[in-house]
Trainee: 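Let me begin by handing over the structure; questions about it come next.
In what follows, chains are A, B, ... by sequence order, proteins preceding strands, each numbered from 1.
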Amino acid sequence: MSTSQTPARLRVAPSPTGDPHVGTAYMALFNLAYARKTGGQFVLRIEDTDRNRYIEGSEKQIFELLRWLGLPWDEGPDVGGPYAPYRQSERLETYKPFVDKLIADGHAYYCWCSQERLAKLREEQQASKQSKTGYDRLCYGMSREEREKLPGFTPTPVVRMLVPEDIELTFTDLIRGEISAPMPDDQVILKADGFPTYHMAVVVDDHLMGITHVVRGEEWISSTPKHLQLYKWLGLTPPQFAHMPLLRNTDHSKISKRKNPAARLAWFREQGYLPEALRNFLQLLGYPPADDDHEISSFDDFVENFDWAKVSTVGPVFDLKKLDWMNGFYIRSLEPAQLAERIIEHLQWTGQWPTPADPQKAKLLTDAVPIIQERLVTLNDALPKLGFLFTADDQIVIEDDARKTLPENWKEVVSAAIDALDGLESFSAEAIQGILREKLVEGMGIKPKFAFGPVRVGITGQRVTPPLFESMELLGKASSLERLRRFVNE
RNA sequence: GGCCCCGUAGUGUAGAGGCCUAGCACGCGGCCCUCUCAAGGCUGUAACGGCGGUUCGAAUCCGCUCGGGGCUACCA
């Protein structure tokens, strides 16, 4: 039970730099869970301080996919909120006084070093295998005039923080407990283009927006001392930190779009995964199931028992096989009518079907859902499994691997089936099965497998199909007989 | 190179000194069911990286070692 806790404010802060990343959804899920558990708020903030990597339309994708996944935010660029704007590019004036104060207090200084000089410096440090790397403080204590006389000068300065020797490198993490981080160098906090870097913006915004818990990826552990130092200089109370494990590729490297199609959040939707299945799956990465032999769990259950201490410190590898199983499970647990709707929506979203859908096709699909429901892994599997239903009788092609399964006497079998079916009044699956068993299996002494096999091939052209008798019922008597006749006379 | 984080079956995890001849889920194998394929039922397979300590006793604590990962940008 959620005891009386102080409402927490958490945020997810993706950058609009391309296709939304699956890691964004992973972070959002855990942030949201804790916000809900404490009765607090979940904020979406867009961190678009990098003008070079900014990609038009990426932000919209973030909104769309996070909503699709069922992770709604209480405050954000598109829904507003008391701390608007929620887009860092619209907050440039907000950061200025904080930077000015740091400079005035002697905690930050201007740096006119050119990118070239810095690159060269870095190169030399790497090559010399020195233990100490980072900016060499050439500009520290200099005026513009003084610096200008030296090489590697660039007219527009950046602002760097003056990291003290005794900076606190240890902090408490909600997931890992006491941890320490590397000694930082004099990090740039304000870029030449007037935009703050992440380090400056995140501290100012998290403070101004009343964020109480910062939940982010493990890759930020090494930056946390810088952030803590900024809070200290500015006289602000820092939030609590929880560093989530990093999602991994199969080779255990940090998950990347290049090595892993699943790194793109949109990929899951395109493949036809159900958002509730993906959410459940993500929840299980680095987090134990609530019930030891039952990994299916609702978001509410997740929230109910949520505890940072349960989050694993080991970066989990994506196992799509498990997601497949889970997606199938969620598909099977839907009402057939609901599933039909989801399939149609998906076909429309992927552009395979028009909007509005052809009523006849929609009806046929809906009627057919019960026979494919337990055979689907993703929504994309539906149409291919039902191909024979949406194909005209004279367009059915007998596939090679289906033909190979045909016994010697297949024409005899199919002819007998035609005769049996022809006199059938009610063309129901039950009646079809009844008469075929009577005439072929019992009457001719043919094993069910070889009696129904040729009929299946004639009806669908395929070796593997949904249940035969139900398929024939859906197809109707006329079409079924037509197909069998064409088959036997080919 | 330096600093930091991490190390239970193929994958996700349970395990917080004896309840562990290490549990569960997915995967994979077998059997049953069966009109194919699924679904379902039963069943099998497979792990504490290594080495030293501490202890009556270690997957659990300590050290070293090996391995993986992250950071080391005017990217986040």
Side-chain angles (χ1 to χ4, degrees), chain A residues 13-15 17 47-50 52-53 111 113-115 118-119 122 125-135 154 156-160 169 173 176 179-185 187-193 195-199 201-202 216-223 243 245-246 248 250-254 281 284-289 291-296 312-326 328-329 332 371-377 385 402 405 433 436-437 441 447-453 455-457 460 462-469 471:
Chain A
S15 296
T17 52
E47 313 227 309
D48 54 353
T49 54
D50 186 347
N52 298 320
R53 294 206 306 157
C111 171
C113 286
S114 66
Q115 305 260 21
L118 295 173
R122 209 165 22 243
Q125 288 172 337
Q126 293 271 351
S128 69
K129 294 185 176 181
Q130 279 185 343
S131 59
K132 194 175 187 314
T133 56
Y135 183 59
T154 190
T156 317
V158 299
V159 177
R160 289 181 182 275
L169 296 175
D173 185 271
R176 294 153 199 268
I179 48 175
S180 35
M183 181 74 185
D185 74 335
Q187 180 68 50
V188 170
I189 54 175
L190 190 69
K191 299 187 262 189
D193 63 6
F195 278 66
T197 56
Y198 170 84
H199 308 287
V202 76
R216 66 210 330 186
E218 186 184 344
E219 74 262 39
W220 293 110
I221 290 178
S222 49
S223 297
H243 289 93
L246 249 28
R248 311 291 185 95
T250 320
D251 66 1
H252 290 98
S253 56
K254 178 175 165 180
F281 176 72
L284 252 20
L285 291 179
Y287 198 83
D291 184 345
D292 197 28
D293 48 62
H294 195 243
E295 300 198 326
I296 301 296
S312 166
T313 49
V314 187
V317 169
F318 248 76
D319 180 13
L320 263 2
K321 278 278 180 46
K322 186 151 194 169
L323 209 214
D324 282 345
W325 165 79
M326 195 165 270
F329 182 93
R332 271 171 256 132
I371 66 170
I372 55 166
Q373 182 158 19
E374 68 188 26
R375 283 160 243 275
L376 299 183
V377 172
K385 285 201 187 307
T405 65
Q433 167 151 224
L436 289 182
R437 277 191 190 281
V441 179
K447 285 187 175 173
K449 182 175 180 180
F450 296 106
F452 304 140
V455 178
R456 173 190 315 284
V457 174
T460 65
Q462 295 170 315
R463 185 175 57 85
V464 176
T465 75
L468 179 60
F469 314 117
S471 297

Trainee: Using a 4.0 Å heavy-atom cut-off, write out nucleotides 23-28 of chain B from 5' to 3' as B (base contacted by protein), S (sugar-phosphate only) or - (no contact).
Mentor: BSBB--
Trainee: Give the rounded distance in Å between these two atoms: NZ of A/Lys385 and P of B/U36.
Mentor: 15 Å
Trainee: Applying the Watson-Crick and G-U wobble criteria at under 3.5 Å, what pairs with B/G67? Answer none if nothing qualifies.
Mentor: B/C6
Trainee: Heavy atoms only: give me the nearest A/Pro182-A/Leu169 pair and the separation to one decimal.
Mentor: O-CD2, 3.6 Å
Trainee: Would you classify A/Leu246 as touching base, sugar-phosphate or nothing, given that sugar-phosphate means primed atoms plus P, OP1 and OP2, and contacts are heavy atoms under 4.0 Å?
Mentor: sugar-phosphate
Trainee: Let's test this: given Watson-Crick or G-U wobble pairing with both distances under 3.5 Å, identify the partner of B/C48.
Mentor: none
Trainee: Under a 3.5 Å cut-off for both distances, is B/C37 Watson-Crick or wobble paired, and to whom?
Mentor: none
Trainee: Can you give me the closest heavy-atom contact between A/Ala402 and A/Val457, atom names plus distance?
Mentor: O-CG2, 3.9 Å
Trainee: I'd like to know if the side chain of A/Ser15 reaches the main chain of A/Glu47, judged simply by a donor and an acceptor atom lying under 3.5 Å from each other, with no hydrogens or angles considered.
Mentor: yes
Trainee: I need the CE-C1' distance between A/Met183 and B/G70, as an integer number of Å.
Mentor: 19 Å
Trainee: Specify the separation, in whole Å, of atom CD1 of A/Ile296 and atom P of B/U13.
Mentor: 16 Å
Trainee: Let's see if you can work this out: which of B/C5, B/G12, B/U36 has an atom nearest to the side-chain heavy atoms of A/Pro316?
Mentor: B/G12
Trainee: A/Arg216 has an atom CZ; how far is it from atom P of B/C5, in whole Å?
Mentor: 16 Å
Trainee: Using the C1' atom on both, measure B/C66 against B/G29 and round to a whole Å.
Mentor: 33 Å
Trainee: Considering every strand shown, what is the Watson-Crick or G-U wobble mate of B/C42 when both distances are under 3.5 Å?
Mentor: B/G30
Trainee: Whole angstrom is fine here: how far is it from CD1 in A/Ile221 over to P in B/C4?
Mentor: 12 Å
Trainee: By nearest heavy atom, map A/Leu376 and A/Lys449 onto RNA chain B; which one lands nearer the 5' end?
Mentor: A/Lys449
Trainee: Heavy atoms from C-beta onward define the side chain here; which of B/C37, B/C35, B/U11 lies closest to that of A/Arg375?
Mentor: B/C37
Trainee: Should A/Val441 and A/Phe452 be marked as a side-chain contact (heavy atoms from CB on, under 4.5 Å) after you check the CA-CA gap, both sets of side-chain angles, and the distance that decides it?
Mentor: CA-CA 9 Å; A/Val441 179; A/Phe452 304 140; 4.0 Å; yes
Trainee: With a 4.0 Å cut-off on heavy atoms, is A/Pro245 in touch with a base, just the backbone sugar-phosphate, or nothing at all?
Mentor: nothing
Trainee: Looking at every non-hydrogen atom in both residues, tell me the closest pair between A/Pro245 and A/Pro316 and how far apart they are.
Mentor: CB-CD, 4.1 Å
Trainee: Using Watson-Crick or G-U wobble geometry with both distances under 3.5 Å, which nucleotide pairs with B/A59?
Mentor: none
Trainee: Searching all strands shown, indicate the nucleotide that pairs with B/G23 (Watson-Crick or G-U wobble; both distances under 3.5 Å).
Mentor: B/U13
Trainee: Take A/Asp319 and A/Lys322, measure what salt bridge (Lys or Arg N to Asp or Glu O under 4.0 Å) needs, and give me the verdict at the end.
Mentor: CA-CA 6 Å; A/Asp319 180 13; A/Lys322 186 151 194 169; over 6 Å; no
Trainee: Starting from the C-alpha separation in whole Å, work towards a yes-or-no answer on side-chain contact (heavy atoms from CB on, under 4.5 Å) for A/Cys111 and A/Val188.
Mentor: CA-CA 9 Å; A/Cys111 171; A/Val188 170; over 6 Å; no
Trainee: Taking atom P in both B/G50 and B/G7, compute the distance separating them and give it to the nearest angstrom.
Mentor: 14 Å
Trainee: Ignoring hydrogens and angles, state whether a donor on the side chain of A/Arg463 or A/Thr405 is under 3.5 Å from an acceptor on the partner side chain.
Mentor: no
Trainee: Specify the separation, in whole Å, of atom CZ of A/Phe452 and atom C1' of B/C37.
Mentor: 16 Å
Trainee: Passes side-chain contact (heavy atoms from CB on, under 4.5 Å), A/Arg216 versus A/His243? Steps please.
Mentor: CA-CA 5 Å; A/Arg216 66 210 330 186; A/His243 289 93; 3.1 Å; yes
Trainee: Along nucleotides 71-76 of chain B, 5' to 3', which nucleotides get a B, which get an S, and which get a -, given that the test is a protein heavy-atom distance under 4.0 Å?
Mentor: SSSBBB
Trainee: Taking all heavy atoms of A/Glu295 and all of A/Pro289, pick out the closest pair and write down the distance.
Mentor: OE2-CG, 3.9 Å
Trainee: Just the rounded figure in Å: distance from C1' of B/U34 to CZ of A/Arg456.
Mentor: 11 Å
Trainee: Does B/G40 have its OP1 or OP2 closer than 4.0 Å to a side-chain nitrogen or oxygen of A/Arg332?
Mentor: yes
Trainee: What integer distance in Å separates A/Ile372:CD1 from B/U36:C1'?
Mentor: 16 Å
Trainee: Assign the ring pair A/Trp220 / A/Tyr198 to parallel, tilted or perpendicular, where the plane angle (0 to 90°) is split at 30° and 60°.
Mentor: parallel
Trainee: Just do the side-chain contact (heavy atoms from CB on, under 4.5 Å) check on A/Met326 and A/Leu284 with the steps written out, would you?
Mentor: CA-CA 11 Å; A/Met326 195 165 270; A/Leu284 252 20; 3.6 Å; yes
Trainee: Using every non-hydrogen atom in the two residues, find where A/Asp185 and A/Gly134 come nearest and quote the distance to one decimal.
Mentor: OD2-CA, 3.2 Å
Trainee: Just call it for A/Thr313: base, sugar-phosphate, or nothing, with non-hydrogen atoms closer than 4.0 Å on any strand.
Mentor: sugar-phosphate
Trainee: I'd like the P distance from B/G67 over to B/C20, given in whole Å.
Mentor: 35 Å
Trainee: What integer number of Å spans the P atoms of B/C62 and B/U54?
Mentor: 15 Å
Trainee: Please write out the pairs of protein N or O atoms and N or O atoms of nucleotides 61-68 of chain B separated by less than 3.5 Å, giving the distance to one decimal.
Mentor:
none

Trainee: Inspect the surroundings of CZ in A/Phe318 and state if more than 12 heavy atoms from other residues, nucleotides or ligands are less than 6.0 Å away.
Mentor: yes
Trainee: Answer with base, sugar-phosphate or nothing: what part of the nucleic acid does A/Phe469 contact at a heavy-atom distance below 4.0 Å?
Mentor: base
Trainee: Taking atom P in both B/C48 and B/A59, what distance in whole Å separates the two?
Mentor: 11 Å
Trainee: Distance between the C1' atoms of B/U8 and B/A14, in whole angstroms?
Mentor: 10 Å
Trainee: When rounded to the nearest Å, what value does the distance between C1' atoms of B/A76 and B/G70 take?
Mentor: 14 Å
Trainee: Expressed as a whole number of Å, how far does the P atom of B/A16 sit from that of B/U60?
Mentor: 13 Å
